[in-house]
Amino acid sequence: MSTGQLGAYLNDLGRRLHGSPRDNRRLLLEIEAHLQDAASKAQAEGLSMAGAAEVAIASVGPAADVAEAAARVARAPALWIRIAMHLVRLGALLLIILGLNGLLGEPISWFAGVDFFFGDERTIAVSAERCARMFRLQPTQSTCNGALIEHHLDEYVEHGLTAFVVGVLLLWAVRAWRFRFEPVGLERTLFEMGTAVAAVIQFALVAAIYLPKGLLGALRNSHLGAGRALSVGVACALAAGFFAVLAIRRTRPQSETPTSVQ
Amino acid sequence: MRPEELKGHLDLLLLSTLARAPSHGYAVAEALRARSTGTIDLAEGTLYPALHRLERARALTSRWAVVGGRRRRIYALTSRGRRALAEQTIGWERFAAGIRAVLEPAR
């Protein structure tokens, strides 16, 4: 029999399966044995190797149908695991948005000036010891408070970068986990819409706190340091808007065209 | 028979086939085709998820075994599976009798 055709079919099926690795492996082993049995029988009836492989594959059915049938019986993780993954996902999204906000600090401060972010620290009294440390960290600055502000901006960007990377890694881990459990139908809608709604609430609350603070600071002409609040507020307002659109889209019914026998 | 016509009856067919003897997926598919004289001819790959579902519902148990030189998963009916088979058979007979009764005057 043509092991190439059968192998290609199994590879295709393997790519389509969204169950746990253990379940996928078991199903693939069973389908492989089934294909070999069907191909052996077809060969015994006089078909060529390639013809026998074609007959075997046709008897098993399209890989998409088998994968669809398998997805319907995939084992769902326990409720507490799902809730935990929701929370991790939300945390990852928060880190990414805050990270983006931090990463924006560099170009915004270049455009609007460093004081827009940390200008309020110009009046802070700095001890001689800390001052010496700031000058060591920022040797190009001529004043102690200037070095402190520059240092804080660097921290702002660095922490943002760290938050962004951690957030992306967490989100990737959650996505990898979800790949092994693909909820369908109403459960999928609730799973995705629930996260989107929670994200809207989360980011809208943060935006509601920081956006007025930043805007008032900028409007009152006392803009020193208003950039921090403004950038967090704007980033979170945009994120809330994005997830609101996502939640609305999730409420639309998904088109499902099951073709497999259940 | 179209696949959609089998919806809801596949469990009964699988339980009934396995009630005769423990078997692997390919043999179950062959038995279904032979006993239905070719009427039931479905995408055989979709049998396996159905067998897995029945196993999770504890209607079946399974184990790996080497049969005919190949490693296969052998499925067998449990006591719960036998009860389910009995219940579903009664349900099917009532359903078939009802359909037959409706069709009767038209003949």
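Each chain gets a letter, A, B and so on, in the order the sequences are listed, and its residues count up from 1. Everything quoted here is computed from the prediction, not taken from an experiment.
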_Quick check for you: to the nearest 0.5 Å, what is the distance between B:Arg71 atom CZ and A:Glu30 atom CD?_
10.0 Å
*Any chance you could measure A:Asp37, atom CG, to B:Arg70, atom CZ, to the nearest 0.5 Å?*
4.5 Å
*asked:* Is A:Ala63 close to chain B through its backbone or its side chain, or both, or neither, when contacts mean heavy atoms under 4.5 Å?
replied: neither
*asked:* Which residues pass the salt bridge (charged side-chain N to carboxylate O under 4.0 Å, His left out) test with B:Glu87, not counting sequence neighbours?
replied: none
*Report the residues that fulfil side-chain contact (heavy atoms from CB on, under 4.5 Å) with A:Leu94, sequence neighbours left out, ordered by chain and then residue number.*
A:Leu98, A:Gln202, A:Phe203
*Listed by chain and number, what are the side-chain contact (heavy atoms from CB on, under 4.5 Å) partners of A:Glu54, not counting sequence neighbours?*
A:Gln5
Over all heavy atoms of both residues, which pair between [X] and [Y] is shortest? Give the atoms and the distance, please.
| X | Y | result |
| --- | --- | --- |
| B:Thr46 | A:Asp65 | CG2-O, 4.0 Å |
| B:Pro49 | A:Ala70 | CG-N, 3.6 Å |
| A:Gly61 | B:Ala43 | CA-CB, 3.9 Å |

Is it the case that atom [atom1] in [X] sees more than 12 heavy atoms from other parts of the structure closer than 6.0 Å?
| X | atom1 | result |
| --- | --- | --- |
| A:Tyr210 | OH | no |
| B:Arg35 | CZ | yes |
| A:Trp172 | CH2 | no |

Hey, are the side chains of [X] and [Y] touching, using non-hydrogen atoms and a 4.5 Å cut-off?
| X | Y | result |
| --- | --- | --- |
| B:His52 | A:Asp23 | no |
| B:Ser62 | A:Arg26 | yes |
| B:Tyr48 | A:Ile31 | yes |

*With a 4.5 Å heavy-atom cut-off (strictly below), which parts of residues 19-28 of chain B touch chain A? List them by number.*
B:His24, B:Gly25, B:Tyr26
